[in-house]
There are 2 protein chains.
Amino acid sequence: MADVAARAGVSVATVSKVVNGRYGVAKETVELVQGVIEEMGYAGNLSASSLRMQQTNVLGILVASFEPFSAELLKGAAAAAEGSGYELLAHSGGDNHGWERRSLARLGGTLIAGAVLVTPTVLDARTVVPVVAIDPHYGPNRLPTIDADSFTGAEQATEHLISLGHRRIAFLGGRSELDSAHLREAGYRNAMAEAGIPVDQALVRETRYVPDRAAEVTRELLMMKDRPTAIFAANDITAMRAMDVAHEFGLAVPEDLSIVGFDDVPEASLATPSLTTVRQPMQSMGAAAMTMLLDLINGVEREPHVRMATELVVRGTTTEPPVELVTAVEPALVVPAARGAVDA
Amino acid sequence: MADVAARAGVSVATVSKVVNGRYGVAKETVELVQGVIEEMGYAGNLSASSLRMQQTNVLGILVASFEPFSAELLKGAAAAAEGSGYELLAHSGGDNHGWERRSLARLGGTLIAGAVLVTPTVLDARTVVPVVAIDPHYGPNRLPTIDADSFTGAEQATEHLISLGHRRIAFLGGRSELDSAHLREAGYRNAMAEAGIPVDQALVRETRYVPDRAAEVTRELLMMKDRPTAIFAANDITAMRAMDVAHEFGLAVPEDLSIVGFDDVPEASLATPSLTTVRQPMQSMGAAAMTMLLDLINGVEREPHVRMATELVVRGTTTEPPVELVTAVEPALVVPAARGAVDA
DNA sequence: CTGTTAGCGCTTTCAG
DNA sequence: CTGAAAGCGCTAACAG
């Protein structure tokens with residue numbers, strides 16, 4: 001800006017006024033300065049101006065990392081922000097603990113005027129800027145929130161497997177801090193209970209949504225003597241890793257092992273075979289979060305919690321269990337039941 | 001930071017030293033300050049620190065808007081940046097002219113240490129920070145660049161339609177400022193020429209990749225008395241809008257009208273029927289760009305231009321042209337040919 | 001109408 | 001080892 005001022009023969013203050021369209025500058029001066037700005041291709045430094053003004057016209061989308069799920073949310077949020085007059089800044093803070101608080105503190109207040117947080121886990125208190133959470137942590141939560149009906153979705157997925165004849169159904173859980181992860185496990189357990197199938201604790205595992213961890217857990221499951229005939233994973237990425245491991249073991253999916261995921265990220269339908277999964281409307285969720293954020297900023301009153309419907313999408317990774325395993329497994333199931341302890 | 005200093009009973013200078021791990025602070029003071037930081041959940045203001053330091057550990061991905069294409073690039077770039085020690089900031093500057101220069105000026109120098117630019121059109125000169133372009137503008141270009149082989153991809157798409165028996169093939173062009181858009185049109189024209197099919201100029205249209213514009217152009221094409229039997233669109237989004245318009249007109253895709261896109265964004269395979277398209281390896285392109293940027297920053301010498309292969313993906317939107325149109329059109333084609341001018 | 005001045009939150013000399 | 005002071009690029013009062 002100093003360069004522009006020097007070239008135009010005015011002070012930086014004057015340039016600043018021109019840039020921000022403030023009153024009190026002679027028409028000729030405005031034109032002169034604008035000419036120089038054009039010619040030099042000057043554009044103000046965002047850090048400096050936002051630091052000074054204590055406000056911006058930028059909204060943030062804060063994620064732990066840019067994976068398929070957050071990318072879908074981003075598309076939806078961007079579409080909703082279109083025409084709002086705000087620019088968008090998406091920030092990935094790295095997966096380390098407390099990224100949400102850290103990102104928000106680093107960007108909030110100056111750089112961004114508000115934020116959409118994706119799967120935050122360590123945040124609840126009042127924040128510096130308006131915030132909307134997508135799929136946040138388990139437990140009491142005062143943040144305006146968008147999420148999907150994970151419980152029902154998980155029930156549907158599990159019922160689908162049960163209706164195909166599966167009894168030994170493993171559950172690859174997500175991150176226990178997330179409300180959605182809890183609900184998916186609860187939905188699984190509920191569907192099993194309703195069908196009168198005892199849940200074998202050895203088949204309920206946690207992956208923290210880390211693909212390598214999912215692979216490891218799946219290997220352990222498939223090496224069991226009474227291996228499961230189906231796996232329900234709490235998200236698509238881990239489900240797809242489970243598919244990879246099945247192939248490692250020489251098992252055909254779905255003939256030898258059925259797999260269901262959760263989310264319906266674009267990659268799910270592109271897998272071979274394409275993944276049966278529970279769809280959450282990610283782009284709509286992103287858009288809803290952005291709309292809610294905009295409302296918050298503009299002081300529009302509204303219901304601060306939106307839960308969206310999920311939908312089972314049956315594709316190529318689920319079918320009846322292999323006959324030899326069904327018959328081989330049934331007796332094993334009967335023994336503990338006979339002890340009267342399992343069939344809750 | 002002042003709050004932390006006050007609470008710890010030290011100066012802000014000392015807090016700063018602790019935060020940045022500078023030498024020359026008593027061990028006890030360090031621990032005291034760190035305790036307070038922890039307790040207060042303090043995290044430094046990115047604008048302020050980067051403004052002062054004139055450098056950051058953040059890399060930018062600058063796009064006009066977050067649509068499916070840039071979202072895929074983003075996933076790839078994020079994967080490549082993993083473990084590099086850099087955080088990522090994706091910025092959408094709004095679609096207005098000159099967004100690339102503007103975004104770069106506003107973020108560069110202070111906020112970000114380097115940037116990947118997606119489809120920039122008004123940038124060439126030396127920039128403040130290292131920059132890598134993905135799919136940049138037409139004409140001489142000194143920026144390190146990643147792009148896909150649009151020419152060959154467009155040829156393959158057009159040949160595919162020709163081999164199915166299509167002769168009246170429309171081309172929905174992209175943004176003429178982009179090199180890739182030129183190459184796609186050139187590939188189309190080349191394939192037509194090789195097959196000895198004259199290109200009807202009325203069938204070659206521009207959409208600027210604006211969906212609504214694509215819809216409008218498609219309507220015009222479908223209202224022609226000699227309407228095309230196939231449309232090759234320069235990207236998937238416009239191709240999908242063309243599908244919508246075909247349905248408006250009561251035309252079945254592909255029976256009445258074949259359509260081919262370009263990109264293979266996730267949405268393409270999810271369309272009904274799923275879109276035949278030319279795949280560019282978007283995630284790999286994003287990763288390659290990020291790797292190149294990292295090399296640039298670290299002073300690693302390497303070839304500054306990478307062109308990636310494309311691949312025709314035949315799905316559900318292409319088939320033979322309807323019989324009545326083939327026979328109806330042939331004579332029209334013969335007349336100008338008889339004049340000896342067209343069959344170049 | 002224009003320029004001088006102070007200060008946004010932070011880091012970095014440089015005295016104490 | 002610690003703190004006072006200057007300054008990063010910008011904007012908002014306020015004088016001139």
Side-chain angles (χ1 to χ4, degrees), chain A residues 1-34 36-37 40-58 87 102-113 128-129, chain B residues 1-34 36-37 40-58 87 102-113 128-129:
Chain A
M1 184 176 269
D3 294 347
V4 173
R7 187 92 93 98
V10 298
S11 73
V12 290
T14 303
V15 176
S16 172
K17 284 170 192 160
V18 172
V19 167
N20 297 290
R22 296 282 180 269
Y23 290 108
V25 184
K27 192 179 283 180
E28 312 142 358
T29 313
V30 171
E31 283 165 11
L32 168 66
V33 172
Q34 275 172 344
V36 175
I37 287 176
M40 299 182 60
Y42 166 84
N45 181 306
L46 183 59
S47 298
S49 68
S50 68
L51 178 59
R52 178 61 231 244
M53 296 212 281
Q54 300 284 53
Q55 57 147 7
T56 60
N57 73 140
V58 179
E87 294 178 11
R102 183 165 171 277
S103 291
L104 200 55
R106 283 167 68 74
L107 306 182
T110 51
L111 256 188
I112 56 177
V128 260
V129 291
Chain B
M1 185 176 269
D3 293 349
V4 174
R7 188 93 93 100
V10 297
S11 72
V12 289
T14 303
V15 176
S16 172
K17 284 169 192 160
V18 171
V19 167
N20 296 289
R22 296 283 180 270
Y23 290 109
V25 184
K27 192 179 283 181
E28 311 143 358
T29 313
V30 171
E31 283 167 10
L32 167 67
V33 173
Q34 274 171 345
V36 174
I37 287 177
M40 300 182 60
Y42 166 84
N45 181 306
L46 183 59
S47 299
S49 68
S50 67
L51 178 59
R52 179 61 229 245
M53 296 212 281
Q54 302 284 50
Q55 57 147 8
T56 60
N57 72 140
V58 179
E87 292 179 10
R102 183 165 173 277
S103 290
L104 200 55
R106 282 167 70 73
L107 306 183
T110 50
L111 256 187
I112 57 177
V128 261
V129 291

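Heavy-atom basis, side chains included; hydrogens, waters and symmetry copies ignored. These numbers come from a predicted model, not from an experiment. Here is how names work: the chains are called A, B, and so on, in the same order as the sequence lines, proteins then strands, and each is numbered from 1.
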> How many Å lie between CG on A:L51 and C1' on C:dT11, as a whole number?
Replying inline: 13 Å

> What closest approach, in Å, do B:G44 and A:R106 show between heavy atoms, and which atom pair accounts for it?
Replying inline: O-CG, 2.9 Å

> Between C:dC10 atom C1' and B:D3 atom CG, what is the distance in whole Å?
Replying inline: 14 Å

> At their closest point, which heavy atom of B:S47 faces which heavy atom of B:N45, and how far apart are they?
Replying inline: N-OD1, 2.9 Å

>> Under the rule for side-chain contact (heavy atoms from CB on, under 4.5 Å), what residues qualify as partners of B:A13, not counting sequence neighbours?
In response: B:S11

> chain A on DNA chain D: first and last contacting nucleotide, 5' to 3', under 4.0 Å to a heavy atom?
Replying inline: D:dG9 to D:dA12

> A:S16 or B:G24: which one's nearest nucleotide on DNA chain D is closer to the 5' end?
Replying inline: B:G24

> For the pair made of CD in A:Q54 and P in C:dG7, what is the distance, rounded to whole Å?
Replying inline: 14 Å

>> For B:L111, is there any backbone N or O sitting under 3.5 Å from a side-chain donor or acceptor partner on B:T56?
In response: yes

>> For A:V18 and A:Q34: C-alpha separation, side-chain torsions, deciding distance, then whether side-chain contact (heavy atoms from CB on, under 4.5 Å) applies.
In response: CA-CA 7 Å; A:V18 172; A:Q34 275 172 344; 3.9 Å; yes

>> Counting only heavy atoms from other residues, nucleotides and ligands, does the tally under 6.0 Å from CD of A:Q54 exceed 12?
In response: yes

> Tell me: CE of B:M1 to P of C:dT12, nearest whole Å?
Replying inline: 11 Å

> How is B:T29 classified with respect to the nucleic acid when contacts are heavy atoms under 4.0 Å: base, sugar-phosphate, or nothing?
Replying inline: sugar-phosphate

Atom pairs under 3.5 Å, N or O on each side, protein against nucleotides 4-6 of chain C: can you list them with distances?
none

>> Could you tell me how far apart B:Y23 (OH) and C:dT11 (C1') are, to the nearest whole angstrom?
In response: 18 Å

> Ignoring hydrogens and geometry, is there a side-chain-to-backbone donor-acceptor pair from A:S16 to A:V12 under 3.5 Å?
Replying inline: no

> How do A:R22 and B:M53 order along DNA chain D: which one's closest nucleotide is nearer the 5' end?
Replying inline: B:M53

>> With a cut-off of less than 4.0 Å, is there a side-chain N or O of B:S47 near OP1 or OP2 of C:dG9?
In response: no

> In chain order, what residues pass the side-chain contact (heavy atoms from CB on, under 4.5 Å) check against B:R7, with sequence neighbours excluded?
Replying inline: B:V36, B:E39, B:M40

>> Heavy atoms only, 4.0 Å cut-off, all strands: where does A:V19 land among base, sugar-phosphate and nothing?
In response: nothing

>> With salt bridge (charged side-chain N to carboxylate O under 4.0 Å, His left out) as the rule and sequence neighbours excluded, what pairs involving residues 8-23 of chain A come up?
In response: none

>> Using side-chain contact (heavy atoms from CB on, under 4.5 Å), reason through B:L107 and B:V129 one step at a time and then give a plain yes or no.
In response: CA-CA 10 Å; B:L107 306 183; B:V129 291; over 6 Å; no

>> Side chains of B:V19 and B:I37, heavy atoms from C-beta outward: is any pair under 4.5 Å?
In response: yes

> When the distance from CZ of A:R106 to P of C:dG9 is rounded to whole Å, what number comes out?
Replying inline: 16 Å

> So what is the end-to-end bend of the helix from C:dC1-D:dG16 to C:dG16-D:dC1, with 5 pairs used at each end and the value given to 10 degrees?
Replying inline: 50°

